[in-house]
**Q** 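Below you will find the structure I want to go over with you.
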Amino acid sequence: MSRTNPPRWLRWTLAGVTAALVCLTFGITTAKADLSLGPHEATYSVTADDRLLADLGPLGTVVTDSPLPFALGVRITVHEIPADLAAVDTASFDALAGDLDGYLQFFDTPQQTVRTVAWALIWDAVRGAGVAAVVLVAAGFGLRALLGPARRRDLARTLVPRTWEITGAVLVTVLVAGTVTSSAGPEERAALPASPVFEGTALEGARITGRLAGVIDTYSGQLVETYQANEVFYAGARERLNEAWDARVAEQQAAEAEQGPPASEDPEETDYVTFLLVSDLHCNTGMTPLIRDLADRLGPDAMLNAGDTTINGTSVESVCVDSFASAVPDGVPFVVSDGNHDSRLTTATEQANRQIVLDGDVVEVEGVRILGDRDPLETRIGGGTMLSREETPEEAGERLRDVACEAAGEPGLGGYTGEDRVDLLLIHQPAVGDPALESGCVPFQISGHMHTRIGPDIVGYGVRYVNASTGGATKGNTSVGPLRDSSEMTVLRFDPERRRFVDWQLVEVTPEGEASVSERQPIPPPVPLPDEVPGDDADGVMSGNGSAPSPSPSGN
C-alpha cells in the first residue's frame, strides 16, 4: 500500500512550527533572572511543575502555587544563606529576624514583585528563544552545505514519507525535555501541609519544609502581626487621604464659584503647570497606593522626586523603585534627582521605568526648564558616607551654578533675560543649591534630605523649598511599616507666562493615620537683582525690597 507524501508547503510549515516550538521551549525552560526576594538577592528560574519553590538551602523550602500560566513554575534560589547546617546558628536566626523590614516590603507589594519577576523571565525567555533560533538556522545552513545536492536528494526520498512520524517524535522529545525541569512530583507536593501561619497574607497556602519551619514558628508571628498592622494602617490612611483631598477640592470649587469670573478681560484662568512632589521615600512601599490615589485625583502635568527612593541603593531594592513607578499615571513625566541613599543601580532601575534622572544638564518638562544632578555623596548603612565621585558638595554646587548662569545669559535691568534661563533647580541636599540661588541664576529650588519641611524661604536671590519625607522616615531611621513620622507630599503650580512658581499645597499623613490637605499658599517671588545704574559704584543700586545679599563674583 503506497503512502501519499505531504505537499512541500505543508512540510515546510510543519518544520517551521516544530522549530519554533523547540526554540520557545528552550527559551522558557532555561529562563533565569537575578532579582530579589524580600531583603535577599535571589535567582529565579522557570520549571514545569506548576508551583513556586523558594530554596533556602539547608534551612529548607517554601512552596506555594505558581503565578505563571501553562502549568509553568518558578524556582527561587535565595543567596546570602549559610552553605551548611553547622553555620545556621542563633546568630543566623537573629539576622533573619533583623530583616523584617525587608520581608515586609515583599509582603506589602507581592504583586509588584511578581510583575517584576514575570517580565524579567519573559524577556530572558525571548532572548533564549532568539538565540536558539539563530543557532538552529545556522546549523541548518551549515548542514545543508556539508551534505551537498546529491546527498540532500537521497535524504529527502528517505525522510519525506516519514514527515508525520518525525514531527511527532520531535514534539514528544520537546514535551519530555520540558518536564525534566520539574523538581518534585505530585506525591511530594500533596505530602506538604499548608502552613497556617500565612493565612490572610500574600503567601496563604504556602508549605514549609526543613529547619525553616522552626524559624517560621519562632519569628513568623512577629512578621505576620507587623504585616497585618501595616495593612490596616495604610488602608485607613488611604481612605482618609482621599476624603481629605476630595473635601479640599470641594472647598476650592465653592470658593471659586463665590468669587465669580475674573475681572480681567481674559475670562480664561491661567493655565498653570501642576507638579506633585515626593522625596525621601526610603523604600516605604506602603505609601505607593496613597501616592497613586493622589496623583489620579490631582492629574499633575509632571511629578518630581527629590531623592532617597531607596535605603541602601542595593539591587534588592529595585522592587521599591518599581513600586513607586507604578504610582505615576500613564504619560506623566517623572523627574528624579537621586539622593545619597540611592546608587547607580537605583538610577538604572529608574531609567528602566522611563523616568527622567537628572545628570547635570538642563531638561525641559512640560515647558519648565529643570536643572539637577545626583547627590555628590553616598551613604550606606554600616558603611558611612563617602563621595560618589571626585567632587565635593561645594564643587557640585558651583558646577550647577555655572550651568544655570550660562543658560541664564547676560544680566539686565532687574534680572537675567536669557530665553533658556533655568526655572527650577531640583537637587537632594539643600545646601548644594546655595551658590546657584546666591548668584541669581536660579529663581526656585526644591530639595529633600532633611526629613523636615523648610520654607519656602528666600535664599540669596531665589526661593528654596525643602520637602519632608514622603516615606515618613525620621532622621537616621527607615520608614517601612506604619509611619514613624508624618508623610508629606507637595503640590506646586508654575505660571508659564511669568515663568515662576506661584503657590504650594501640603498633603500630609500623620503617624496616627490621619490626613490633611492645606489651602494653596503663595510662594514669595525671588528678590530682584541689583539694577546697574551707569555712574554708580560697583555695588549698584538695589531694586525691590533691597533685602537680598549682593552676590560675590564667585557666586558663593
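The residues of the chain are indexed from 1 along the displayed sequence. Keep in mind that this is a model prediction, so the values were computed, not measured. Heavy-atom basis, side chains included; hydrogens, waters and symmetry copies ignored.
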**Q** Short question: side chain of Asp423, backbone of Val368 - any donor-acceptor pair under 3.5 Å?
**A**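 No; judged by distance alone, with no hydrogens or angles, the pair does not exist.
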**Q** Answer with yes or no whether the side chains of Thr309 and Asn305 bring together a donor and an acceptor at under 3.5 Å.
**A**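 Yes.
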**Q** Are the side chains of Phe334 and Leu304 in touch, meaning some heavy atoms are under 4.5 Å apart?
**A**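 Side chain of Phe334 against side chain of Leu304, heavy atoms only: no contact under 4.5 Å found.
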**Q** Taking Arg240 first and then Glu243, would you say they form a salt bridge - that is, a charged N and a carboxylate O separated by under 4.0 Å?
**A**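 No, no charged N to carboxylate O under 4.0 Å.
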**Q** In a check of side-chain hydrogen bond (donor to acceptor under 3.5 Å, both in side chains) between Tyr234 and each of Thr285, Thr288, Asn284, which one passes?
**A**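 So, applying the side-chain hydrogen bond (donor to acceptor under 3.5 Å, both in side chains) to Tyr234 and each of Thr285, Thr288, Asn284, only Asn284 qualifies.
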**Q** Report yes if some heavy atom in the side chain of Ser388 is under 4.5 Å from a heavy atom in the side chain of Arg344; otherwise report no.
**A**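 The answer is no; the side chains never approach within 4.5 Å.
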**Q** Please list, chain by chain and in numerical order, all residues satisfying ring pair (Phe, Tyr, Trp, His ring centres under 6.0 Å) with Trp245, sequence neighbours excluded.
**A**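 None.
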**Q** Would a distance-only check, ignoring hydrogens and angles, find a side-chain to backbone donor-acceptor pair under 3.5 Å from Glu317 to Thr346?
**A**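 Flag not set: sc Glu317 to bb Thr346 has no pair under 3.5 Å.
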**Q** Which word best sums up how the rings of His282 and His341 line up, parallel for under 30°, tilted for 30 to 60°, or perpendicular for over 60°?
**A**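 The arrangement is perpendicular - the two ring planes meet at more than 60°.
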**Q** Please step through salt bridge (Lys or Arg N to Asp or Glu O under 4.0 Å) for the pair Arg464 and Asp434, ending with a clear verdict.
**A** CA-CA 9 Å; Arg464 176 157 61 207; Asp434 285 352; 2.7 Å; yes
**Q** Begin with the C-alpha distance, continue with both residues' side-chain angles, and end with the deciding distance and a verdict on side-chain contact (heavy atoms from CB on, under 4.5 Å) for Ser469 and Glu488.
**A** CA-CA 6 Å; Ser469 169; Glu488 295 188 3; over 6 Å; no
**Q** Does the distance from a Lys or Arg side-chain N to an Asp or Glu carboxylate O, for Arg493 and Asp301, drop under 4.0 Å?
**A**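 Looking at Asp301 together with Arg493, the answer is no, because their closest N to O distance does not fall below 4.0 Å.
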**Q** Rounded to the nearest 0.5 Å, what's the gap from OG1 on Thr452 to CG on Asn467? Could you check?
**A**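 Between Thr452 OG1 and Asn467 CG, I get 11.0 Å after rounding to 0.5 Å.
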**Q** Give, for atom CZ of Arg399 and atom CD of Glu391, the distance between the pair rounded to the nearest 0.5 Å.
**A**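 Going from the CZ atom of Arg399 to the CD atom of Glu391 covers 4.0 Å.
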**Q** Would you tell me whether Thr385 and Thr379 have side-chain atoms, one donor and one acceptor, within less than 3.5 Å of each other?
**A**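 Looking only at side-chain atoms, Thr379 and Thr385 do form a donor-acceptor pair, the distance falling under 3.5 Å.
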**Q** CZ of Arg380 to OG of Ser343: how many Å apart, nearest 0.5 Å?
**A**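 Between atom CZ of Arg380 and atom OG of Ser343 there are 5.5 Å.
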**Q** For the pair Phe275 and Phe501, name the ring-plane relationship: parallel under 30°, tilted 30 to 60°, perpendicular over 60°.
**A**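 The rings of Phe275 and Phe501 sit tilted, inter-plane angle from 30° to 60°.
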**Q** Return yes if a side-chain donor-acceptor contact under 3.5 Å exists between Ser486 and Glu508, otherwise no.
**A**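 Distance-only check passes for Ser486 and Glu508.
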**Q** Under a 4.5 Å cut-off applied to non-hydrogen side-chain atoms, are Met386 and Leu377 in contact?
**A**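 Sidechains of Leu377 and Met386: no contact.
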**Q** In sequence, state the C-alpha distance, the side-chain angles, and the governing distance for Glu497 and Arg499, and then conclude on salt bridge (Lys or Arg N to Asp or Glu O under 4.0 Å).
**A** CA-CA 5 Å; Glu497 294 184 3; Arg499 302 220 62 81; over 6 Å; no
**Q** Please step through side-chain contact (heavy atoms from CB on, under 4.5 Å) for the pair Val362 and Val403, ending with a clear verdict.
**A** CA-CA 8 Å; Val362 179; Val403 173; 4.2 Å; yes
**Q** Could you walk me through whether Leu424 and Phe494 pass the side-chain contact (heavy atoms from CB on, under 4.5 Å) test, one step at a time?
**A** CA-CA 10 Å; Leu424 170 64; Phe494 178 83; over 6 Å; no
**Q** Does CD belonging to Glu406 count more than 12 external heavy atoms closer than 6.0 Å?
**A**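 No, CD of Glu406 has 12 or fewer neighbouring heavy atoms, counting only those of other groups under 6.0 Å.
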**Q** Between Thr470 and Val278, is there a donor-acceptor pair closer than 3.5 Å when you use the side chain of the first and the backbone of the second?
**A**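 Absent.
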**Q** Do Pro430 and Gln445 have side chains that get closer than 4.5 Å, going by heavy atoms?
**A**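 Touching, per the 4.5 Å side-chain cut-off.
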**Q** So does Gln253 get a backbone contact from the side chain of Glu256, meaning a donor-acceptor N/O pair under 3.5 Å?
**A**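 No, Glu256 side chain to Gln253 backbone: no donor-acceptor pair under 3.5 Å.
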**Q** I want to check something: taking the side chain as every heavy atom from C-beta on, are Leu425 and Ile446 in contact at a cut-off of under 4.5 Å?
**A**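 Not in contact.
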**Q** Quick check for you: to the nearest 0.5 Å, what is the distance between Asp342 atom CG and Asn340 atom CG?
**A**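 Reported to 0.5 Å precision, the distance equals 8.0 Å.
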**Q** Any heavy-atom pair between the side chains of Val509 and Leu483 that's under 4.5 Å?
**A**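 Side-chain contact under 4.5 Å: yes.
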**Q** For Pro329 and Asp296, which heavy atoms make the closest approach, and how far apart are they?
**A**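 Nearest pair, atom of Pro329 first, then Asp296: CG-OD1, 4.0 Å.
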**Q** If the threshold is 4.0 Å, N to carboxylate O, is there a salt bridge linking Arg374 and Asp359?
**A**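 Judged by the 4.0 Å cut-off on N to carboxylate O distance, Arg374 and Asp359 do not form a salt bridge.
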**Q** I'd like to check Val335 versus Leu358 (side-chain heavy atoms, cut-off strictly below 4.5 Å). Are they in contact?
**A**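 They are in contact (side-chain heavy atoms under 4.5 Å apart), so the answer is yes.
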**Q** Hey, is the main chain of His428 close enough, under 3.5 Å, to the side chain of Asp375 for a donor-acceptor pair?
**A**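 Looks like no, no N/O pair under 3.5 Å.
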**Q** Nearest 0.5 Å, what's the CD1-SG distance between Ile311 and Cys283?
**A**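 Going from the CD1 atom of Ile311 to the SG atom of Cys283 covers 5.0 Å.
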**Q** Do Leu371 and Leu426 touch side chain to side chain, with heavy atoms closer than 4.5 Å?
**A**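 A side-chain contact is absent here, since even the closest heavy-atom pair is not under 4.5 Å.
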**Q** Looking only at heavy atoms, what is the nearest atom pair of Tyr461 and Gly440, with distance?
**A**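 Smallest heavy-atom distance, with atoms named: CB-CA, 3.7 Å.
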